[in-house]
Structures are given as C-alpha cells and as structure tokens.
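Structure first, then comments.
The structure presented is a predicted model; accordingly, all values stated were derived computationally and were not measured. Here is how names work: the chains are called A, B, and so on, in the same order as the sequence lines, proteins then strands, and each is numbered from 1.
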Amino acid sequence: MSSLLPTRSPADALHVLNARAVGPVAASPLRAATFESPAPPATRASDARRVLAAPPGASAAEKVLLDLAAEQVDSFLVVSTAEQRLSYRLLEQIDDHRAALVIARALRQVASITGLLAHRTQELLGAAETVRLQQRIHAGGRPHDD
Amino acid sequence: MTIDAPISHPQPRPGEVRIGDVRAALGADWGSADHLVVEILPPRGGIPSVSTLRFMSKPSGRGLHVLLACPACSEPRSVLYADGRGGLGCRLCVRHRTRHQRDARTTRYRSHGGRELDRLLRLASSRATSAGASAALTALGEQLKNTTRALRDSTLDLVTAALGAAEVTHAP
C-alpha cells in the first residue's frame, strides 16, 4: 500500500483510515484536491475594519464599540487561520496517535478562543446597535426624561 | 388608554424593558397611558413576542413614581426581562443574573478581558455623557484591545508550540 502513498497528505491519512476500515482503496485525485489547505486570508482583516467603521454622526460610545468589534474580528481571523492549520495537521497525522493527541489538545484550546472572540464580536455589535437605538429613541423624547 | 407600539418601534435593549426607555418612547402620551403593547426581542435571538406592559404607582417620598407592573408578581419594577417563553418578568421572577454574577469565576472573565467588557458595555448603555465617562470608555476600550492582542499572540504561540511538539513526536 505504501507504493500508492508516496507523500503524506490529509487524503493519504483518509486513505489509510479507509484501508483499515474496508481494505485497500485506490488513491483518488479528487479526494486529494478536496482536502488541500486553502490560502490564508491576507486582506480580510482590513476589509472587516472598513466595514465596521463608525457611521458619521455616531456617538463616542458607538465608535468605541465598533472599533473594538473590528479588533475582535481581526484577531478572530488570525486565530481561526491558525486553527484551520492545526485542523489540517491533525488530519495529516491522524495515524500517529501521539502527535495527533498533542495537536488535538491545542486545537481544543484554540477553538475555545475563536468561540470567545466570535461571541464577543456578537456582543459588541449588539451593544453598538443598542446604543444607536437608545440615541434615536431618547432624541425624540422630552428633554428632561431620564 | 391603549397604545400599540408599531413594529418599527425602536427596541433599545433586546430582552429587557426599562421604564426610562418607555417614558422616552411614549413622549407626550406619558401619564395618560395605563398600558402599552410592545414587541419583545429575545436577548439571544429567536422569535419576537408581543407583550402588554401595565403601569402602576409606587409611593416615593411625598409623591408617586409610575413604574412597570411585573406580570408574574404584580410588584412595581423599573426593569422587566424576557423570560425566554415569550413573556416578561422582573429580575426575581425570571431569575435574571448579571454578567458578573454569571461569569465572575470563569477564566474568560478574569483573564481574557471579560471584566473590562462588562464594565464597558454597562458604561456604554448608561448614556453617561460626561467627560469622565467618555475618558473611562476610551480607556476601557484600549485596555480591552490590548487584552485581545495579548490573547491572540499567546494563542499563536500555543499553535506554534503544538506544531513543533507534534513534529518532534512524529519524528522516528
């Protein structure tokens, strides 16, 4: 079977798993193409910062919240790219239990950080919307309303 | 007098209704209304529900304060929360807990900037406009940015270390 697998790749790892489960399977170029690691997102961080720029007339609180949300998205993109790299490495070394264990542990911690950043982004964007609506609703109220 | 809030009526805080926001929304109708029909947005997403707010008076000093009546316990409350089943209730009835009460013992609150985020969100929604509040808001924002960057860098270090350890482990 080693003649069918000249290099190690995620497809090879899957092939090994399949071979263990159902016997020898011919290597598929389609499967190899499916599990190729994508290119890292080089420009998406700046795009996020541009999209989350505060609109004109925004209050100071809304600006701070949107700026922070953009920072969270920046960090999320960087960390999620690293998480993706770890995932592919885990798939590559799935037949090496000790290496896979090390990567799986790290992957679990990194996944919790990406979850934290995504949740925090959601909270900050929700808070910015709340501040905007509060500003609108209180602008139409009586001046002495609290 | 019944006032039906239109669908486009602003909902300042998803999942909760505050008496100050109700007063601002009613404007000139405040004082003549005895109840108000509002659309409640669930705090964590989901299907909005329609609920009726009733006003009641509470003795305060020499006068009376108009507050919201809790639909469950009928006590006057200044804040009502969505109970997750399409209704509203006061803090005691829906067992509402603040973020500090809920997360104070977690790592994300202690070390990953959760405490600063809590203070920042409370300060931002308090509509405080003084120079001190604005400076505090900016300082908290910078502090949270630094915490996020440190968290990102430590995570990248963790990934690098894991990949290196996996290489060493993998080597024959």
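For the pair B:Leu120 and A:Leu124, the minimum side-chain heavy-atom distance is below 4.5 Å. For the pair B:Val159 and A:Val79, the minimum side-chain heavy-atom distance is 4.5 Å or more.
With values rounded to the nearest 0.5 angstrom, B:Leu137 atom CG is found 11.5 Å from A:Glu62 atom CD. B:Arg152 contributes atom CZ, which lies 6.0 Å from atom CD of A:Glu71 (distance to the nearest 0.5 angstrom).
Cluster annotation: B:Tyr81 and B:Leu53 are assigned to distinct hydrophobic clusters (Ile/Leu/Val/Met/Phe/Trp/Tyr, side-chain heavy-atom contacts under 4.5 Å, transitive). Using a 4.5 Å cut-off between side-chain heavy atoms of Ile, Leu, Val, Met, Phe, Trp and Tyr, with links allowed through other members, B:Val17 and B:Leu67 fall into the same hydrophobic cluster. Both B:Leu80 and B:Trp30 belong to a single network of hydrophobic side chains, linked directly or stepwise wherever heavy atoms of I, L, V, M, F, W or Y lie under 4.5 Å apart. Placement of B:Leu36 and B:Val79 in two distinct hydrophobic clusters is found when ILVMFWY residues are connected by side-chain heavy-atom separations under 4.5 Å, directly or transitively. Linking Ile, Leu, Val, Met, Phe, Trp and Tyr whenever their side-chain heavy atoms come within less than 4.5 Å puts B:Leu26 and B:Val66 in one cluster.
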Begin with the C-alpha distance, continue with both residues' side-chain angles, and end with the deciding distance and a verdict on salt bridge (Lys or Arg N to Asp or Glu O under 4.0 Å) for B:Lys145 and A:Asp67.
CA-CA 9 Å; B:Lys145 268 188 192 177; A:Asp67 192 32; 2.5 Å; yes

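Contact between A:Val64 and B:Gly141 at its shortest, heavy atoms only, is CG1-CA, 4.3 Å. Across B:Gly114 and A:Arg120, no two heavy atoms sit closer than the pair N-NH2, 3.7 Å. Among all heavy-atom pairs drawn from A:Ala60 and B:Ser134, the shortest one is CB-OG, 4.4 Å.
Looking only at heavy-atom pairs under 4.5 Å with chain A, the residue among B:Glu142, B:His112, B:Arg108 that has the most is B:His112. Top candidate by heavy-atom pairs under 4.5 Å with chain B, chosen from A:Val102, A:Leu86, A:Leu68, is A:Leu68.
Both the backbone and the side chain of A:Arg98 come within less than 4.5 Å of a heavy atom of chain B. The part of B:Leu121 that comes within reach of chain A is its side chain, from C-beta onward, which places non-hydrogen atoms under 4.5 angstrom from that chain.
Shown here is B:Arg99, whose CZ atom has more than 12 heavy atoms of other residues, nucleotides or ligands within 6.0 Å.
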Just list the side-chain donor-acceptor pairs under 3.5 Å for residues 105-118 of chain A, sequence neighbours left out, or say none.
{"unit_1": "A:Ser112", "atom_1": "OG", "unit_2": "A:Gln109", "atom_2": "O", "d": "2.6"}
{"unit_1": "A:Thr114", "atom_1": "OG1", "unit_2": "A:Glu83", "atom_2": "OE1", "d": "3.2"}
{"unit_1": "A:Thr114", "atom_1": "OG1", "unit_2": "A:Val110", "atom_2": "O", "d": "3.4"}
{"unit_1": "A:Thr114", "atom_1": "OG1", "unit_2": "A:Ala111", "atom_2": "O", "d": "2.7"}

